[in-house]
Amino acid sequence: MKLFVLHFVLTIIVSVFSYDSSKYSGYKVYQVTPKSLYEAYILKEFEHDEHFDFWTEIRSINLPVDIMVSPLAQNNFEAIMKSANIDYFVNIDDVEASLQNEENTSGRSIVTRGSVTFSDFMRHDDINAYLEQLAQDYPQIVSIESIGISFEGRDLLLVRISSGGSNKPTIYVQAAIHAREWIAPPVALYIINQLVENPDNVNLYEDVDWVVIPVVNPDGYEYTHTTERFWRKTRSTGTICYGIDGNRNFDALWGTVGASSWQCDITYRGHKAFSEVETQAVRDYILEHKDDIKLFLDVHSFGRWLLYPYGYSDDEPDDVEELRTLGRLFNDAIHSVRGLNYTVLSFASGLYYASGTSVDWAKDIGIELAYTIELPSGGTGFDPPSSDIEPVVEETWEGFKAFHSYIVDKFVTN
Ligand SMILES: *[C@@H]1O[C@H](CO)[C@@H](O)[C@H](O)[C@H]1NC(C)=O
Ligand SMILES: *[C@@H]1O[C@H](CO)[C@@H](O)[C@H](O)[C@H]1NC(C)=O
Ligand SMILES: [Zn+2]
């Protein structure tokens, strides 16, 4: 108990300083592995403190958790870890320096307008230009639709790939509702690229439609490119802080567990469910097409998790066995590429909960097969070196093909 009181007091003291965290000079990333529930609960005390940014969640004991800690809170944090005898080490000594190293080596390529690259992280404008070009070049199979305009005025483009006809089983994929998860848009773009531009894959959209939104949160995504690399939320204005966590803003037991009501927190849920234009746009599209959508995928990073509902409760859905079975098929396909594995698990773990997630909402409105994908880490975690993009998108694509086979087997009647 003493520990919590100490932590609380020190938190108040350091909290007086700084909302500005646009620079990461002196920030460290600690990797901490709680060995008991007691240790996990001590760690959880830091979750809603703005000096602590949990890059991965506390899902289980004996699993490492990555936490970025501001310079002001590091002494306090280390003292508490030591006195509680919790294993930790400094994974990144200076986040700002590690970012600069990566920018040095990333060899920024210039994307020709309308083309795609998987050797660098594309800006939102370039992503949209590529989608527009595809719609022009392949009008028989590609259609794009702006499902809304982001808070700062960017087009929320959705791509539909279809061989024609209507009401076909549809695989829905969205990415980058969390701005800093840079590996997510390339994974979404690779699906589009492979379906449309690789003739070997024509059979993959014969009986199944694919719908992909590569960047759900373009304002946040651009902000991570221009200003603050580890921004997570949208960029709507609050009275003190910007943005809400899009993946706490859906109407799935909204505002209950594992979501903050404080606007400066990175898991801020918003002042009501669907407060954001971006989540509204996603909601409206999905509600209109929910009878066709057979598989809902929300792509995030990082940690190599495939998470099925629910995040808001320990209860398991009735069809949890099927969700696990299909999850294993996804993992088998991934494993066959480089020998790496995903952990297939319920979103809520007993230690970690989240309400207002898109995956729970999709499940609740009747889309049976719904997952959150946490892609692999790389670099410091959220920023794989650009040389990692290709291996990751190629590997993940095999997993998507396994999903596709299952959807064909289950929903396409010949
Ligand atoms: C690489 O980064 C270092 C600091 O980390 C900086 O001093 C140097 O100018 C950078 N080099 C290039 C080519 O940008
Ligand atoms: C990784 O996945 C493969 C394929 O499903 C499985 O055979 C293997 O046991 C898994 N490895 C671990 C460490 O879970
Ligand atoms: Zn995320």
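Here the structure is a predicted model, which is why all the values come from computation and not from measurement. Counting starts at 1 for both ligands and their atoms, following the listed order. Nothing fancy with the numbering, it's 1 onward along the sequence.
Within His178, the N/O/S atom positioned nearest the Zn ion (ligand 3) carries the name ND1. Between the Zn ion (ligand 3) and the N, O or S atoms of His300, the shortest distance is to ND1. Minimum-distance N/O/S atom of Glu181 relative to the Zn ion (ligand 3): OE2.
Shown here, atom 14 (O) of ligand 2 is in close reach of the protein: a heavy atom of it lies under 4.0 Å off. When distances from atom 5 (O) of ligand 2 to the protein are checked, a heavy atom turns up under 4.0 Å.
Counting the atoms of ligand 2 from 1 in the order shown, those under 4.0 Å from a heavy atom of Asn331 are 1 (C), 2 (O), 4 (C), 5 (O).
Taking CZ from Phe330 and CG from Leu297, the interatomic distance works out to 8.0 Å, rounded to the nearest 0.5 Å. Atom OG in Ser301 sits 8.5 Å away from atom CZ in Arg180 (nearest 0.5 Å). One distance of note links CG of Leu195 with CG of Asp200; it measures 12.0 Å at 0.5 Å rounding. Atom NE2 of residue His178 and atom CZ of residue Phe230 lie 15.0 Å apart, to the nearest 0.5 angstrom.
Nearest non-hydrogen protein atom to atom 7 (O) of ligand 2 is His335 NE2, 4.8 Å. Looking at atom 9 (O) of ligand 2, its nearest protein heavy atom turns out to be Asn341 ND2, 5.0 Å.
Judged by the 6.0 Å distance and 45° axis criteria, Arg123 is not positioned over the aromatic ring of Tyr221.
Across Lys233, His124, Arg154, a single residue satisfies side chain to side chain contact (heavy atoms under 4.5 Å, CB included) together with Asp219, and that is Arg154.
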